[in-house]
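One structure is given here, and the rest of the page talks about it.
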Amino acid sequence: MIYNSNDPGAILAMERARLDTRDFGADIYDEDLCECPVCGALYPSYFYMNSDEECIGCEMCVYTVTERF
């Protein structure tokens, strides 16, 4: 839509576009962010949970070893 420079609707339209009228300033990139709480990797394929339903890592930070130390 085209507005004149002295039209108050122009300012309102710019602010609506800038703030994204759905949530007024919410960061649209954080809506579907899937991040590992242990290492911070973005969008891992799967997470590992312990028996208390707490995340202990993802496929990128948890690995298998044959000896304990």
Side-chain angles (χ1 to χ4, degrees):
M1 182 172 258
I2 299 173
Y3 292 96
N4 291 329
S5 61
N6 59 356
D7 186 0
I11 296 170
L12 185 60
M14 286 185 291
E15 287 300 308
R16 282 186 178 155
R18 182 179 69 87
L19 294 175
D20 188 23
T21 57
R22 291 176 291 163
D23 273 341
F24 287 103
D27 190 3
I28 59 172
Y29 299 107
D30 288 339
E31 289 179 0
D32 63 345
L33 182 66
C34 180
E35 181 179 4
C36 176
V38 177
C39 70
L42 295 175
Y43 304 105
S45 297
Y46 49 88
F47 295 95
Y48 292 100
M49 309 290 278
N50 65 7
S51 60
D52 296 330
E53 296 293 323
E54 295 176 0
C55 181
I56 58 170
C58 68
E59 64 171 331
M60 298 177 194
C61 63
V62 177
Y63 53 92
T64 306
V65 295
T66 56
E67 294 181 5
R68 191 166 178 185
F69 293 101

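We number each residue from 1, following the sequence as shown.
The shortest non-hydrogen separation linking Ser45 to Glu59 is N-OE2, 2.6 Å. In this structure, Val62 and Ile56 approach most closely via the heavy-atom pair CG2-O, 3.7 Å. For the pair Phe47 and Cys58, the tightest heavy-atom approach, listed with the atom from each and the gap, is CD2-CB, 3.9 Å.
We find the SG-CE distance between Cys39 and Met60 to be 7.5 Å, quoted to the nearest 0.5 Å.
Using modelled atom types, no side-chain atom of Asp52 and backbone atom of Glu54 make a donor-acceptor pair closer than 3.5 Å.
Under the 4.5 Å side-chain contact rule for hydrophobic residues, Val38 and Tyr43 do not share a cluster.
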